[in-house]
Amino acid sequence: MLKRALPFLLLAAFALAQEQQQPFAPDRRPDEGEGPFRRLIIRGATVVDGSGAPPVGPMDIVIEGNRIVEVRGVGYPKVEIDPARRPRLGTEGTTKEIDGSRMYVLPGFVDMHGHPGGTQQGTTAEYVFKLWLAHGITTVRDPGAGNGLEWTIHERDRSAKNEIVAPRIVPYAFTGSSMWQGGPINSPEQARKFVQWVAKGGGAGLKIIGGGSDPVYDPEILAALLDEAKKHKLGTTTHLAQLGVARMNILQAARLGLDCMEHWYGLPESLFADRTVQDYPPGYNYADEQNRFGEAGRLWRQAAPPGSPKWNAVMDELLKLNFTLDPTFTIYEASRDLMRAMRAEWHDRYTLPSLWKWYEPSRKAHGSYWFDWTTRDEIEWKNNYRLWMTFVNEYKNRGGRVTTGSDSGYIYKLYGFDYIRELELLQEAGFHPLEVIRAATFHGAEALAAPSGKKAEYGLVRAGMLADLVLVDENPLANLKVLYGTGAIRVNDDTGKVERAGGVKYVIKDGIVYDAKKLLADVEKMVAAVKK
């Protein structure tokens, strides 16, 4: 489908793996979701509002159409609610009620790094969208618009009209997109033309990715990309690949105006104090992905240590620049524990055979680098995570914005399920569960709204916000595992039996109420049909 050759073949292979356009999602059927309603009231719920505030309840949440219009305290825990305190019903037959007395209500989750699959993985848009929604993800930033900008804009618009079962979609275009027909981005003038093309096409931002012979990280070209993006109120993020990081690290890019980074590439390089390039072994070849990812797991220990002058100076400057970290811890977790990622319990029921094939060791498929993965590799990655997590947690503690992204569809990571795993990994990094929820909701919404100069319209359970909500009948602050579609395992001491607790019960997007377990059942049927 590529119409021109990209100048950086290795990164082109990554982009091409996604940029194989898939069919559009099917129209939303009448039995898929209820609403929006003239008036919907969730009665007596415990609310975790997304701001970092502690839970409070019982609360009644009133929704009209696609907006929250009131969040009202209606009493005290374990005390019968006085009906006189409750918001009144609308005119006869116009109000839908949900009993939330045993539920926790959270804002809809924001996945800041969500690729909607593609033909090479054999993942349809419907499959991906339903897995996302079933796990409470109501907004997704597609960093790269990997199925093509036009395809992504088309699905974004259909989702906005609720014509399909899907989260709201925020498209960021790859600088290496094959949809761009204007020639190589090899000058500041070309850079500005590319940004203008993205803006005219309806994109919300840029994902800047390059390296090797591609000049996108040349300071004058990157500066032009970022300057033009700000003129058009487009957001910017990057996967600052190792082929380009010798010329441009994250701190240098942030100084030029970059808003956000994904993963961690370019961050430890910003912390180098006794070297200028990574300590690559003589036989290293970036095109060999075991080389690439194996040595990446040895990178953070080459950076300045926590608390050192260099560490503090880099963090201070990124904080001053209001830079956003989107770490995506989950996507590299197989590097530190391959067996855990391979044998995650949801694979059997919810992973398509074609996607499983994509995950298997392959010299050609991106992220399938298990040619001879060793115990030593996993130990290096575990140590890598400790330092990476230390930086991210300290950044949060000092007032920096950290968001949540999953990058699923690669490296044994499944859509939806491994977004919840990202929440668990933030807690491992040192985040309080309330800080985890804030990163997953309000901070993501803030980061997406900031380039436009507007306030976020979702991400909080608050009057005036869009009605994007997650309802779960267990306390996620006590155990984030209850957000998995497969729930959390526990023993019922009354029966002596092992049970599953939780799983998102309802997800509300734009005032439309979806049964999350029904969405998962639809996905399970898709997988079973393919296997049969």
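Index from 1, following the sequence. As a basis for the values below, the full set of heavy atoms in this structure was taken, side chains included, without hydrogen atoms, waters or symmetry mates.
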Problem - Ring centroid separation W311 to F391 under 6.0 Å - result: yes
Give a yes or no on whether a salt bridge exists between [X] and [Y], defined as a side-chain N under 4.0 angstrom from a carboxylate O.
X	Y	result
K454	E446	no
E524	R349	yes
E262	K207	yes
D515	K517	no
R490	E499	no
R168	D510	yes
D522	K130	yes
R401	D259	no
D60	R72	no
R158	E155	yes

Among side-chain atoms of [X] and [Y], is any donor-acceptor pair under 3.5 angstrom?
X	Y	value
T138	Y458	no
K509	N162	yes
T403	D326	yes

With a 3.5 Å distance limit and no angle check, can you tell me whether [X] reaches the backbone of [Y] through a side-chain donor-acceptor pair?
X	Y	result
D418	L414	yes
Y395	L318	yes
R39	T95	no
R500	T486	yes
R462	V71	no
S354	Q121	yes
D111	V140	no
N492	T495	yes
Y419	S408	no

Exercise for the section: Give the C-alpha distance, both sets of side-chain angles, the deciding distance and a yes or no for salt bridge (charged side-chain N to carboxylate O under 4.0 Å, His left out) between E32 and R29. Expected result: CA-CA 5 Å; E32 292 184 308; R29 302 188 311 267; 3.2 Å; yes
Practice task
For residues H232 and K230, determine if any side-chain heavy atom of one lies less than 4.5 Å from a side-chain heavy atom of the other.
Solution key: no
Side-chain polar contacts of residues 422-434 - donor-acceptor pairs under 3.5 angstrom, sequence neighbours left out - could you list them?
| unit_1 | atom_1 | unit_2 | atom_2 | d |
| --- | --- | --- | --- | --- |
| E422 | OE1 | F329 | N | 2.8 |
| E422 | OE1 | T330 | N | 2.7 |
| E422 | OE2 | T328 | N | 3.2 |
| E422 | OE2 | F329 | N | 3.1 |
| E424 | OE1 | R421 | NH1 | 3.2 |
| E424 | OE1 | Y484 | OH | 2.4 |
| E424 | OE2 | K481 | NZ | 2.8 |
| E428 | OE1 | R336 | NH2 | 2.9 |
| E428 | OE2 | R336 | NH1 | 3.0 |
| H432 | ND1 | L434 | N | 2.9 |

Which value, rounded to the nearest 0.5 Å, describes the distance between [X] atom [atom1] and [Y] atom [atom2]?
X	Y	atom1	atom2	value
L131	L519	CG	CG	9.0 Å
Y127	L355	OH	CG	5.5 Å
D407	I331	CG	CD1	4.5 Å
I98	E34	CD1	CD	8.0 Å

Side-chain donor-acceptor pairs under 3.5 Å in residues 46-57, sequence neighbours left out?
| unit_1 | atom_1 | unit_2 | atom_2 | d |
| --- | --- | --- | --- | --- |
| D49 | OD1 | S51 | N | 2.8 |
| D49 | OD1 | S51 | OG | 2.8 |
| D49 | OD2 | S51 | OG | 3.3 |
| S51 | OG | A53 | N | 3.2 |

Exercise for the section: Decide if atom NZ of K161 counts as having more than 12 heavy atoms of other residues, nucleotides or ligands within a radius under 6.0 Å. Expected result: no
Practice task
Inspect the surroundings of NZ in K518 and state if more than 12 heavy atoms from other residues, nucleotides or ligands are less than 6.0 Å away.
Solution key: yes
